[in-house]
Structures are given as structure tokens and as C-alpha cells.
Amino acid sequence: MFACVFLMNFQTMLLNSNSIHPITTKLLYWYSNNKRDLPWRDNPEPYSTWLSEIVFQQTRIDQGLDYYVRLKAKYPTVYDLAKADEREVLKVWEGLGYYSRARNLHHTAKTIVDKFDGKFPEKYEDILSLKGVGPYTAAAIASIAFSISVPAIDGNVLRVSSRLFTIKEPIDKRSTWKTIEKQLLDIIDSEHPGDFNQAMMELGSLICKPQNPQCEHCPVSDHCTAYHSGIQNELPVKAKKVAVKNVFYNFLVINNEDKLLITQRKEGIWKEMYQFPLFESDAIYKESEIIKIVEKLSIKPIYAIMGSSEYKHVLSHRKIYAKFWMIKTTKELSGNNAIAIDKKDLVNYPMPRLIRRFLESDEAIQFFM
DNA sequence: TAGTCGTGGCA
DNA sequence: TTGCCAAGACT
């Protein structure tokens with residue numbers, strides 16, 4: 001029995017050593033000695049793998065790690081997540097950004113419970129069909145949790161590949177993506193596709209960085225054609241540049257005793273998140289303009305309206321200039337699509353970072369005292 | 001296909 | 001201060 005198991009392992013090793021690419025051998029050896037100790041790597045079952053992949057879409061490990069830990073603790077299984085309220089999930093997600101990820105995460109948890117009987121789908125196509133799961137995430141889950149041999153191509157892998165194989169075409173073109181996928185299919189370790197994919201990403205994250213890659217510490221620099229040509233700093237090439245638009249937000253912070261008015265965003269930026277009644281304009285309003293608006297709403301301030309300092313909040317594609325107009329009133333609070341809540345319940349509503357920054361400021365704390 | 005969707009760290 | 005960009009997906 002023992003001899004038989006030994007023989008099988010030996011044959012597997014022989015098969016691997018015959019088919020495995022030298023780049024992959026060195027990459028996997030480096031990975032086994034240098035990989036970071038991350039919680040979802042202890043036991044790569046599909047739920048944790050999926051959860052981690054959603055959290056870390058467009059997000060650095062340092063930035064998302066606490067969020068992953070909190071989500072996993074609050075929702076240990078897909079059933080726990082499926083039966084949660086969306087607002088509660090958004091609250092846990094608050095501050096991490098790209099809030100559609102949280103909404104899709106919750107939606108997909110319900111899909112897995114309802115349509116897949118609580119069992120995470122094991123086929124690549126089924127995984128890809130889940131909301132919030134695109135080509136990269138499906139490949140990552142399939143390879144890590146189910147050992148399906150498919151390259152997971154994220155920003156790290158595009159960068160590492162563009163240098164390794166000297167690909168000068170823009171990496172954000174679909175044709176370039178296909179070229180890199182083909183190259184990776186030639187070197188992926190079909191026995192350990194999850195380790196291969198994670199090793200490529202880890203290399204990109206720790207060594208083959210966007211600026212000043214540390215080629216002297218790279219395990220595959222001997223095979224890196226860009227390094228040999230000395231052009232590693234010129235790769236990758238990108239075609240798109242996102243246009244950043246300026247927008248101006250005037251928030252009305254209307255307070256009556258312990259009550260204040262908040263609204264829920266219905267579309268666009270921060271969809272489903274909460275904020276104060278908002279008046280968007282093509283410039284920050286002057287006090288005189290705010291007074292007119294407040295008169296029209298017949299709010300009847302009992303003190304002078306106080307304007308906060310101006311906030312600048314930068315998104316990937318927007319620059320938001322914001323000012324919070326603080327108003328004390330005795331008028332009963334109500335409004336279209338607005339809800340009056342108790343001050344102490346503010347903490348229970350998921351709000352974007354901009355709103356939290358204001359609420360944590362001295363001017364806001366003083367106003368609410 | 002190209003624009004939309006956050007936030008924070010770093011040079 | 002400014003720009004880059006990160007375990008991308010959706011429409």
C-alpha cells in the first residue's frame with residue numbers, strides 16, 4: 001500500500017518535471033518561500049476564496065485585509081451572508097469603495113443558496129455566471145479552490161507578463177489580453193494552477209512592481225526579455241486615460257433636537273449608500289444661494305446657517321468639491337425620499353467616506369453637541 | 001467598446 | 001500637490 005502510494009507520487013513528480021516550464025519551476029519555488037501569510041490561504045475552500053477575491057478586486061492587501069477578516073467573522077458561511085440585510089453588508093463594506101461589489105456579493109450569496117443549494121459551483125462557466133465575478137475572479141476561484149488549470153489574469157499578471165515576454169501593445173486592449181492568456185497557457189502548472197496564479201500575482205505585488213521593479217531579487221529575471229533589453233521600466237503600456245470630471249456637492253445638514261435628515265442614493269456613485277440631502281451644482285453655492293434654497297424649503301433656521309470648510313474628495317473618475325451647510329431648525333423633519341433619524345443612529349447607516357470625514361470633523365461634532 | 005464605479009498609499 | 005494605480009466588473 002505504502003509502496004503503491006509512493007510509486008504514484010513518484011510518477012506524478014516525473015510527469016511534472018517533464019512538462020513543467022523552467023520559469024514556472026523557479027516561480028513556484030520562490031512563491032513557496034516568499035508568499036505572505038494571508039488568512040484565506042490556510043484553507044482554500046471556495047467560500048473564503050470567493051470572498052477574498054471580491055474584497056481584493058482593485059484593492060491592495062493592506063487596504064482590504066481588515067475588511068476580509070470582519071466579513072468572514074460576521075458571515076462565516078454563505079448561508080449567513082445570504083440571510084443578511086443588504087444595508088448591513090454595505091455597513092461592513094463602508095469605506096472600502098466600489099460598493100457594487102458588496103451588493104453583488106450579497107446577491108450572489110443568495111444565488112448560491114437558492115440556485116446551487118448552498119454548494120459553491122465547481123465549473124468555470126458556472127462560477128463566471130455569478131454576479132460580480134468576471135473572467136479574472138472566476139479563474140482565480142476555479143484554480144485556487146478547484147485546481148482547474150486556467151490562468152487568472154489581473155493587473156499584476158498583465159504587468160509581469162508584459163515584461164517577461166516584452167509585450168509592447170497596450171495591456172488594456174482585448175487582443176493583448178488574449179496574447180498574454182496564450183503565453184500563460186504554455187507555462188501554467190496544470191497540477192498546481194492555483195499556486196501558479198497566486199505566485200504570478202505575488203511576484204507582481206512584491207517584486208515586479210509598477211515603478212522600479214526589483215529585478216535583482218526576481219526569481220525569473222534570467223527569463224525576462226524586457227530585463228535583458230533594459231526596458232522593464234517602460235512596460236506595461238496602457239492606452240486609456242480616465243478623464244476626471246469636477247463635481248460640486250452642497251449638502252444640507254438639517255437638525256431638529258436629536259433628529260436629522262438623511263437620504264439614500266439611488267444611482268451612480270455610492271448607489272444605495274446614505275448621505276445628507278444633496279444639491280448638486282456647477283460650483284459650490286454661496287451662502288446667499290443656500291439661504292434662498294432653505295427659504296424655498298421653508299426650513300426656518302433658528303440660528304444662522306453655518307457653512308463647513310470645503311472638502312475635496314477624489315474618486316478614480318471624479319473630483320468632488322463639497323460643502324456641508326449646517327442648519328438648526330424646529331420644523332418637523334420630512335422630505336421627498338428623505339428619512340428623519342436619531343443622531344445616535346447615524347453610525348448604523350452605510351455612508352461614503354466623504355460623509356464620514358465630515359461627521360468626524362470638529363465642526364460637525366461641535367454642531368451636533 | 002468605453003465610461004462608470006472608491007479609496008488610500010506612494011513617489 | 002499631482003498623478004499613478006491597485007487580486008476588475010458591469011453596462
Side-chain angles (χ1 to χ4, degrees), chain A residues 31 35-36 38-41 44 48-68 90 93-105 107-108 127-145 151-160 170-177 194-206 208-213 233 236-245 247 265 267-273 275 311-320 350-357:
Chain A
Y31 179 63
K35 66 178 173 186
R36 289 169 287 185
L38 301 171
W40 56 93
R41 284 181 173 164
S48 301
T49 306
W50 165 61
L51 190 59
S52 70
E53 290 301 339
I54 301 302
V55 166
F56 293 104
Q57 283 170 359
Q58 294 287 285
T59 303
R60 290 188 174 83
I61 299 295
D62 287 344
Q63 191 182 352
L65 189 53
D66 288 345
Y67 285 88
Y68 170 81
L90 278 170
W93 203 275
E94 180 186 277
L96 191 57
Y98 285 137
Y99 297 99
S100 65
R101 290 183 295 171
R103 302 195 309 270
N104 290 335
L105 185 81
H107 181 275
T108 288
I127 300 170
L128 185 59
S129 76
L130 300 171
K131 209 166 184 180
V133 176
Y136 160 75
T137 303
I141 297 169
S143 63
I144 295 169
I153 304 172
D154 74 328
N156 285 310
V157 175
L158 288 173
R159 182 175 61 256
V160 170
I171 56 167
D172 46 2
K173 281 179 63 182
R174 173 140 187 87
S175 57
T176 311
W177 193 95
D195 283 341
F196 174 83
N197 284 332
Q198 293 184 85
M200 285 288 287
M201 292 187 274
E202 198 83 333
L203 186 70
S205 180
L206 299 179
C208 196
K209 300 177 183 184
Q211 276 88 31
N212 302 316
N233 279 309
V237 173
K238 287 191 180 179
K240 297 185 217 169
K241 298 177 270 290
V242 282
V244 177
K245 218 172 93 181
V247 294
R265 295 182 69 96
E267 58 186 9
I269 298 166
W270 302 326
K271 185 178 173 183
E272 305 297 320
M273 303 288 280
Q275 63 180 9
Y311 289 72
K312 188 169 123 181
H313 191 79
V314 183
L315 281 56
S316 49
H317 60 308
R318 293 282 184 278
K319 260 185 207 167
I320 300 172
M351 294 178 170
R353 192 64 104 197
L354 170 63
I355 307 294
R356 287 293 166 204
R357 275 210 288 144

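The chains referred to below are lettered A, B, ... by the order of the sequence lines, with proteins before strands, and numbering in each begins at 1.
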It should be established whether [X] places a side-chain nitrogen or oxygen under 4.0 Å from OP1 or OP2 of nucleotide [N].
X        : N     : result
A:Trp270 : B:dT7 : yes
A:Arg174 : B:dT1 : no
A:His317 : B:dG3 : no
A:Arg353 : B:dG8 : yes
A:His313 : B:dG6 : no

Base, sugar-phosphate or nothing for [X]? Non-hydrogen atoms, less than 4.0 Å.
X        : result
A:Gly64  : nothing
A:Leu96  : base
A:Leu315 : base

Who pairs with [X] by side-chain contact (heavy atoms from CB on, under 4.5 Å), at least two apart in sequence or on another chain?
X        : answer
A:Ala138 : A:Tyr124, A:Ile127, A:Leu128, A:Val133
A:Arg353 : A:Tyr67, A:His313, A:Arg357
A:Tyr98  : A:Gln58, A:Arg101, A:Ser316
A:Asn233 : A:Asn212, A:Pro213

[X] [atom1] to [N] [atom2]: how many Å, rounded?
X        : N      : atom1 : atom2 : value
A:Tyr67  : B:dG6  : OH    : C1'   : 10 Å
A:Asp172 : B:dT4  : CG    : C1'   : 15 Å
A:Leu206 : B:dC10 : CG    : C1'   : 16 Å
A:Arg357 : B:dG8  : CZ    : C1'   : 11 Å

Kindly write out the residues that satisfy salt bridge (charged side-chain N to carboxylate O under 4.0 Å, His left out) with A:Glu202, not counting sequence neighbours, or none if the list is empty.
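Checked A:Glu202 against salt bridge (charged side-chain N to carboxylate O under 4.0 Å, His left out); matches are A:Arg36, A:Arg41.
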Per-nucleotide protein contact string for nucleotides 2-11 of chain C (B base, S sugar-phosphate only, - none; heavy atom under 4.0 Å)
S--BBBBSS-
For side chain to side chain donor-acceptor pair (under 3.5 Å), just list the numbers for A:Tyr136 and A:Glu53, CA-CA rounded to whole Å, side-chain angles, deciding distance to a tenth of an Å, and then say yes or no.
CA-CA 9 Å; A:Tyr136 160 75; A:Glu53 290 301 339; 2.7 Å; yes
Rounding to the closest angstrom, what is the interatomic distance between [N] and [M] at atom [atom1]?
N     : M     : atom1 : answer
B:dG6 : C:dA6 : C1'   : 12 Å
B:dA2 : C:dA7 : C1'   : 23 Å
C:dA9 : B:dG8 : P     : 22 Å

Stepwise side chain to side chain donor-acceptor pair (under 3.5 Å) check, A:Asn197 with A:Ser143
CA-CA 8 Å; A:Asn197 284 332; A:Ser143 63; 3.0 Å; yes
Residue whose closest nucleotide on DNA chain B lies nearer the 5' end, A:Asp62 versus A:Pro352:
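This one resolves to A:Pro352.
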